[in-house]
Amino acid sequence: MGVTGLLTKLKPIQKQITLDQLYSKRLAIDGYSWLHKATIGCSYELMMDLNTNTYLKYFIKRINMLKRYNIKPYFVFDGAKINVKEGIESSRLEKRILNKKRGISLWDTGKHLEAIEYFKKSVDVTPQMAKCIIDYCRSENIDYIVAPFEADSQMVYLEKEGLVDGIISEDSDLLIFGCKNLITKLNDRGEARQIERKDFNMLEEPFSIGKFSPEQLRLMVCLSGCDYTKGLGHIGLTFAYMFTSTGKSIEGILEDFIESGKLTTESAEIFLKEYYFADCSFQFQRVFSPTQQKVVTLNDITSEYLYDFKKSRILYSSIGKVINKRTRIVEYIENDEDIDHEMHRLISIGERDPSNFQTRLVSRENLINESGETQNSIQFYYSNLWNKYASPLPLHPIFNKTPVGSLSLSCN
DNA sequence: CAAGTAAACTACAT
DNA sequence: TCTCGGTTTACTTG
Ligand SMILES: [Mn+2]
């Protein structure tokens with residue numbers, strides 16, 4: 001979900017630009033962000049397990065647009081799920097399944113146009129579709145990489161290492177990871193909005209986050225809620241900014257809440273744990289280095305963590321499980337030499353499925369050609385969930401994401 | 001009223 | 001195997 005409300009508060013420093021202002025730049029592109037847009041146009045074909053080149057054509061159209069400005073794309077695709085990120089995903093999955101069922105029953109009663117509206121809401125973007133794009137990238141000599149975990153951290157790593165000059169994505173998280181040049185809302189006329197990290201200084205009260213250290217930025221979004229923390233109830237970006245402005249540490253802020261009776265010690269402990277994991281994930285999430293050809297961390301692990309047993313255990317359990325070279329088990333590994341960097345290289349080039357390294361990754365379109373009968377759809381992978389909902393239309397809301405505590409605050 | 005929350009909408013392509 | 005996001009609008013709550 002990114003950071004709710006962040007881009008809105010950054011409106012004063014968002015610049016409307018056109019692609020000629022990015023002439024001959026190298027830009028990382030969030031592959032799944034484009035795939036999610038591209039697959040809307042072929043939701044029916046995806047639903048019926050039919051071959052389609054619609055989503056590839058979307059990519060080609062946009063790549064050609066970039067080419068006219070001599071912009072060099074570097075596609076970055078998400079890899080495996082990182083376990084720090086939990087909660088909202090399962091509810092998204094159940095919603096997709098419900099929408100698919102609803103679409104099918106509408107289709108069966110002849111209401112095809114209405115059915116497709118539900119198919120659009122149930123589109124399931126898979127690594128096999130990413131592989132279809134990857135095959136094209138290979139044939140055209142376009143740079144690409146499959147991240148070991150989130151594309152977010154991988155793209156920021158590429159920018160930090162000077163391999164790209166900016167990042168095309170819709171995700172506000174990138175700025176918290178440390179992105180310096182974010183390009184959002186690119187349309188097919190070559191217009192976009194640019195957010196530069198250096199412009200944070202120009203923001204004014206009551207949201208002058210230019211004065212915040214990177215650590216304080218992470219604290220602020222953790223308090224208000226982000227991909228890695230559910231946040232404290234009744235705290236959004238506005239209050240999170242105020243509490244962070246006091247200069248206090250997370251421990252100090254939570255203590256104030258407990259003392260004033262706004263938070264129980266149990267809730268504070270749960271949140272504190274979440275925060276430690278989130279803070280590490282933002283800083284040290286594992287990425288793949290295309291120059292070193294091995295798994296590395298987004299930023300170098302500081303001595304503060306290295307020489308503190310407890311802190312380093314927290315750190316290594318927040319940055320992602322990797323493959324053990326000897327046992328081939330996917331687990332938390334602290335010793336770099338125990339990591340199967342070669343297998344992670346195969347994942348990074350799209351040879352292996354990032355969530356299941358023993359499986360070769362094959363383009364969706366080739367899969368359907370080869371086997372004739374496919375079992376790649378959502379109802380096969382999640383047959384238990386699919387069957388759980390007796391058809392049709394058991395519409396009840398499902399929420400997993402609930403706040404840790406419940407604060408009662410007033411403006412003062 | 002202002003801040004937070006939740007649900008609805010959009011996309012694409014034509 | 002298990003998946004990207006933001007914006008708008010209407011509501012609740014202190
Ligand atoms: Mn993100």
Side-chain angles (χ1 to χ4, degrees), chain A residues 1-11 29-46 52 54-55 57-59 61-62 76-83 85-86 88-97 116-117 119-130 147 149-152 155 168-174 182 184-185 187-188 193 206 224-225 227 231-242 262 330 347 352-359 361 375-378 380-382 385 395 397-399 401-403 406-412:
Chain A
M1 287 303 263
V3 182
T4 308
L6 181 58
L7 289 184
T8 314
K9 289 217 184 288
L10 294 180
K11 216 99 193 206
I29 298 171
D30 188 338
Y32 273 68
S33 172
W34 280 21
L35 266 176
H36 273 275
K37 294 176 200 293
T39 47
I40 301 288
C42 49
S43 59
Y44 172 77
E45 288 81 357
L46 299 179
T52 176
T54 303
Y55 64 93
K57 279 197 313 203
Y58 175 91
F59 272 72
K61 191 178 71 186
R62 298 208 129 194
V76 180
F77 297 94
D78 284 283
K81 188 190 83 174
I82 186 152
N83 17 10
K85 205 175 174 181
E86 271 165 12
I88 194 104
E89 278 92 10
S90 54
S91 85
R92 272 189 189 168
L93 171 65
E94 298 201 2
K95 268 183 186 164
R96 273 198 302 276
I97 288 179
I116 286 180
E117 288 310 305
F119 291 160
K120 286 179 182 177
K121 293 176 186 172
S122 68
V123 170
D124 183 27
V125 174
T126 66
Q128 286 77 17
M129 297 176 193
F149 299 98
E150 290 181 286
D152 304 26
M155 291 190 289
I168 298 179
S169 171
E170 311 302 322
D171 193 349
S172 55
D173 280 346
L174 288 161
L182 180 61
T184 63
K185 290 164 189 62
N187 63 24
D188 50 14
R193 282 184 206 168
S224 82
D227 281 353
L232 297 162
H234 303 118
I235 298 243
L237 262 188
T238 306
F239 279 123
Y241 166 80
M242 286 170 51
K262 289 166 182 161
V330 179
I347 291 172
R352 300 298 181 101
D353 189 318
S355 314
N356 185 8
F357 67 89
Q358 284 149 344
T359 309
L361 189 57
Q375 299 206 330
N376 299 305
S377 321
I378 206 163
F380 294 108
Y381 284 129
Y382 296 101
L385 266 180
L395 286 179
I398 300 146
F399 304 109
K401 204 170 179 180
T402 48
S406 174
L407 295 185
S408 50
L409 296 168
S410 52
C411 310
N412 50 0

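The chains referred to below are lettered A, B, ... by the order of the sequence lines, with proteins before strands, and numbering in each begins at 1.
- A straight line from CE of A:Met129 to P of C:dC2 spans 17 Å, rounded to a whole angstrom.
- C:dT8 and B:dA11: their P atoms are spaced 13 Å apart (whole Å).
- The two atoms that bring A:Ser169 and A:Leu182 nearest to each other are O-CD1, 4.0 Å, heavy atoms only.
- Under the side-chain contact (heavy atoms from CB on, under 4.5 Å) criterion, A:Thr8 pairs with no residue at all, not counting sequence neighbours.
- One can place CG of A:Leu35 at 19 Å from P of C:dC2, the figure rounded to the nearest angstrom.
- A:Lys61 comes within contact range of the sugar-phosphate backbone alone, with a heavy-atom separation under 4.0 Å but no base atom that close.
- Residue-level contact check: A:Asp152 touches the backbone only, with heavy atoms under 4.0 Å from sugar-phosphate atoms and none from bases.
- Taking 4.0 angstrom as the limit, A:Ser172 places a side-chain polar atom (N or O) nearer than this to OP1 or OP2 of C:dG6.
- A:Asp78 places a side-chain N or O within 3.5 Å of a backbone atom of A:Ala151 that can act as its donor or acceptor partner.
- Every residue was checked against the salt bridge (charged side-chain N to carboxylate O under 4.0 Å, His left out) condition with A:Lys9, not counting sequence neighbours, and none meets it.
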Write down the protein N/O and nucleotide N/O pairs, taken from nucleotides 9-11 of chain B, whose separation is under 3.5 Å; answer none if there are no such pairs.
none

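- Looking at residues two or more places apart in sequence or on another chain, you find a ring pair (Phe, Tyr, Trp, His ring centres under 6.0 Å) between A:Phe59 and A:Trp34, A:Phe75.
- Between B:dT10 and C:dA10, the two P atoms lie 14 Å apart (nearest whole Å).
- Contacts of A:Tyr241 classified as ring pair (Phe, Tyr, Trp, His ring centres under 6.0 Å), with partners at least two apart in sequence or in another chain: A:Phe207, A:Phe212.
- In this structure, the CD1 atom of A:Ile168 is 20 Å from the P atom of C:dC4, given to the nearest Å.
- If you find the closest nucleotide of DNA chain C to A:Tyr32 and to A:Ser355, the one lying nearer the 5' end belongs to A:Ser355.
- Scanning for salt bridge (charged side-chain N to carboxylate O under 4.0 Å, His left out) contacts around A:Glu117 gives A:Lys120, with sequence neighbours left out.
- Atom CG in A:Leu237 sits roughly 14 Å away from atom C1' in B:dT5 (whole-Å rounding).
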Nucleotide N/O of nucleotides 7-10 of chain C paired with protein N/O under 3.5 Å:
from: C:dT7; atom 1: OP1; to: A:Lys185; atom 2: NZ; distance (Å): 3.4

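- Separation of the C1' atoms belonging to B:dC9 and C:dG5 is 14 Å when rounded to the nearest angstrom.
- Contacts of A:Ser33 classified as side-chain contact (heavy atoms from CB on, under 4.5 Å), with partners at least two apart in sequence or in another chain: A:Asp30, A:Lys37, A:Glu170.
- With the nearest nucleotide of DNA chain C identified for both A:Asp353 and A:Asp78, A:Asp353 has the one nearer the 5' end.
- You'll find that the side chain of A:Thr54 is closest to B:dA13, out of B:dA3, B:dA13, C:dC4.
- The separation between A:Lys9 atom NZ and C:dG6 atom P is 16 Å, rounded to whole Å.
- Under the side-chain contact (heavy atoms from CB on, under 4.5 Å) criterion, A:Val330 pairs with A:Lys321, A:Ile323, A:Phe357, not counting sequence neighbours.
- Atoms CE (A:Met242) and P (B:dA3) sit 9 Å apart, rounded to a whole Å.
- Across all strands, A:Asp171 comes closer than 4.0 Å only to sugar-phosphate atoms, never to a base (heavy-atom distances).
- In this structure, CD1 of A:Ile235 is placed 9 Å from P of B:dT5, rounded to the nearest angstrom.
- Rounding to whole angstrom units, CG of residue A:Leu174 and C1' of C:dC4 are separated by 11 Å.
- Checking side-chain atoms of A:Ser172 against main-chain N and O of A:Val3 turns up a donor-acceptor pair under 3.5 Å.
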